[in-house]
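Letters A, B, ... mirror the listed sequences (proteins, then strands); counts begin at 1. Just so it is clear, the values below take in all heavy atoms, side chains as well, and ignore hydrogens, waters and symmetry mates.
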Amino acid sequence: MLDLTYEPPKPKVISGATGDWELVIGLEVHAQVSSRSKLFSGASTKFGSEPNSNVAFVDAAMPGMLPVINEFCVEQAVRTGLGLKAEINLVSAFDRKNYFYPDLPQGYQISQLYHPIVGEGEILVDMGPGIARLVRVERIHLEQDAGKSIHDMDPHMSFVDLNRTGVALMEIVSRPDIRGPEEAAAYVVKLRQILRYLGTCDGNMQNGSMRADVNVSVCRPGDYEKYQETQDFSHLGTRCEIKNMNSMRFIQQAIDVEARRQIALLEDGKEVVQETRLYDPDKGETRSMRSKEEAHDYRYFPCPDLLPLEIEQAWVDDIKASLPELPDAKRVRFVTDYGMTEYDASVLTADVENAAFFEDVATGRDGKLAANWVINELFGRLKKEDREIADSPVSAAQLGGIVELISKGDISGKIAKDLFEIVWTEGGDPATLVEERGMKQVTDTGAIETEVERIIAENPAQVEKAKVNPKLAGWFVGQVMKATGGKANPQAVNEIVAAKLGL
Amino acid sequence: MSIDTETARRVAKLARIKVEEADLPALAQDFNRILGFVEQLNEVDIEGVEPMTSVTPMRLKRRADEVTDGDQQNKVLSNAPDAREGFFAVPKVVE
């Protein structure tokens with residue numbers, strides 16, 4: 001496979017009073033597994049249901065209830081691991097992470113601390129054409145989600161909904177290979193893109209399907225390189241963890257704010273205390289979650305309700321064979337097969353549905369032209385009307401029809417835009433519309449010649465001026481286009497005008 | 001390893017078990033006796049022996065990804081000391 005070469009981006013540098021500082025960032029992303037039922041119960045995972053209606057007695061932790069693992073969730077975790085080129089562990093095991101919170105009725109979360117199902121992998125984080133950072137993934141483990149607490153429905157009470165309790169999560173843990181706020185956001189974007197291609201997580205950040213905990217520390221230039229050489233963390237600064245971020249914008253803001261807080265402390269001769277913090281977007285600051293400190297003693301131990309999870313290599317191989325084409329490969333193929341720029345390929349492959357739509361438009365047609373029309377006309381129009389590709393009024397077949405008419409020379413690019421407008425608002429088959437409404441381009445040179453001769457004869461003064469200043473030929477072209485209702489082939493008109501004026 | 005009164009207090013707090021101050025030294029002693037017993041197991045030579053996770057050689061039971069449960073809001077909430085509008089209502093917990 002052809003590979004697009006890339007250079008790593010420069011790390012973000014913040015200048016302090018005592019010199020420059022660099023950032024070191026690692027992310028833990030919680031991605032909700034796309035599945036019908038929960039990780040250990042048969043209750044539905046449907047979002048937005050009536051409170052406590054998607055709850056089995058296992059989820060409510062009624063005494064005597066036992067968890068039974070959802071095999072599809074395991075498959076989804078394996079698929080994710082394979083999509084991140086990671087090692088799959090044929091034997092993994094579940095542990096209990098113990099803490100008390102009203103939305104965790106078991107009093108522990110079933111997770112995989114000691115033996116995760118997925119080991120080391122990698123994510124290529126794109127930062128623009130030719131620039132990318134290869135971020136190592138340390139591990140992925142399966143775990144249960146907690147329920148949801150609502151604090152604003154009553155002044156004295158919190159309301160708890162257990163619908164989300166027990167839904168399968170994949171915790172995807174990166175190495176501290178990310179070097180700036182923009183890279184961190186780009187990492188989440190790329191991870192989300194891959195998960196959506198794989199169909200293992202819908203990536204809906206608003207509904208909480210993806211949440212990130214961000215670890216941030218600062219160091220002096222040169223220290224990070226020493227860490228990379230030795231993998232010895234003592235070269236890096238003390239880190240703080242910012243919990244539960246669910247937007248790319250807040251992730252970037254929080255990292256910047258937290259790094260500056262740490263730099264101010266260090267330059268003041270104080271120390272950074274390793275702790276969990278929350279980002280407050282209204283105040284633009286992070287603050288300590290002191291209550292979490294004691295709870296941090298999670299007293300993990302192997303879950304006695306669950307045997308180790310053993311899977312077979314043949315099953316893993318089957319899943320591997322069924323993997324879809326992933327973003328990096330698709331992007332390379334779009335560049336080579338359709339001759340488009342890397343930038344256009346990135347735009348078209350950003351989302352799996354967009355990429356599929358484009359391929360439907362482009363297959364058997366002019367790929368470059370199709371790319372132009374999908375990106376500039378269709379995406380532009382969708383964005384303007386705030387619509388998703390799934391409910392685009394113009395189907396891939398219709399847009400393909402328009403592209404085909406342009407390629408054949410039946411319509412000009414300008415008429416094509418009018419045609420697009422008609423298809424968008426009224427629908428219909430583009431080829432039929434062009435016939436019925438007489439939008440076909442005039443390529444008959446005889447007809448164009450007659451028109452050019454008529455205009456030259458009627459405007460002798462313009463002809464004299466054009467002979468002195470050949471740029472004025474454009475005026476004649478414009479007159480012909482006007483006279484033919486924009487249907488004359490512009491190239492043919494240009495040539496004939498130039499010839500008749502003797503330019 | 002030895003458990004002192006302070007550790008006993010901390011473990012009790014993490015487990016949300018209320019232990020009177022006067023009972024903590026005895027609790028710590030209990031812990032120490034249990035740990036002492038477990039220590040004895042360290043004397044057994046387990047070189048090359050696989051950890052036994054189950055008394056019967058069984059494969060972890062799996063479930064198909066189907067919705068077979070739920071839709072029982074009343075039952076789920078029936079033991080709750082307080083429930084309102086389909087939610088469990090608990091004393092306010094805010095970060």
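- With contacts defined as side-chain heavy-atom distances shorter than 4.5 Å, the pair D213(A)/I242(A) does not qualify.
- Proximity to chain B (any heavy atom under 4.5 Å) is shown, for I311(A), by both the backbone and the side chain.
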Q: With side chain to side chain donor-acceptor pair (under 3.5 Å) as the test, would you mind laying out the steps for S149(A) and D103(A) before giving the verdict?
A: CA-CA 6 Å; S149(A) 301; D103(A) 58 23; 3.3 Å; yes
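- Atoms CD and CG, from Q112(A) and N89(A) in turn, are 9.0 Å apart once rounded to the nearest 0.5 Å.
- In this structure, the portion of E66(B) lying under 4.5 Å from any heavy atom of chain A is its backbone and not its side chain.
- Residues S92(A) and H115(A) bring no donor and acceptor atom of their side chains to less than 3.5 Å of each other.
- The closest side-chain heavy-atom distance from R36(A) to S44(A) is not below 4.5 Å.
- Proximity to chain B involves both the backbone and the side chain of E71(A), based on heavy atoms less than 4.5 angstrom apart.
- In this structure, M170(A) CE and R79(A) CZ are separated by 10.5 Å, a value rounded to the nearest 0.5 Å.
- Applying side-chain hydrogen bond (donor to acceptor under 3.5 Å, both in side chains) to S209(A) and the options D202(A), N204(A), N246(A) leaves one that passes, D202(A).
- Contacts with chain A were tallied for M58(B), Q72(B), K75(B); Q72(B) has the most, counting heavy-atom pairs under 4.5 Å.
- Of the two parts of A89(B), the backbone and the side chain both hold a non-hydrogen atom closer than 4.5 Å to a non-hydrogen atom of chain A.
- Residue N74(B) does not touch chain A at all, counting heavy-atom pairs closer than 4.5 Å.
- Interface summary for chain B: among F40(A), F72(A), F159(A), the most heavy-atom pairs under 4.5 angstrom belong to F159(A).
- More than 12 heavy atoms of other residues, nucleotides or ligands shown are found within 6.0 angstrom of NZ on K97(A).
- When heavy atoms are compared at a cutoff of 4.5 Å, P102(A) approaches chain B solely by way of its side chain, counted from C-beta outward.
- Heavy-atom distances place the backbone of P155(A), and not its side chain, under 4.5 Å from chain B.
- K38(A) touches chain B through its backbone: at least one of N, CA, C or O sits under 4.5 Å from a heavy atom, while the side chain does not.
- Taking chain A as the reference chain and counting heavy-atom pairs below 4.5 Å, the highest number among E85(B), R59(B), R63(B), Q73(B) is found for R63(B).
- In this structure, chain B has heavy atoms under 4.5 Å from both the backbone and the side chain of D154(A).
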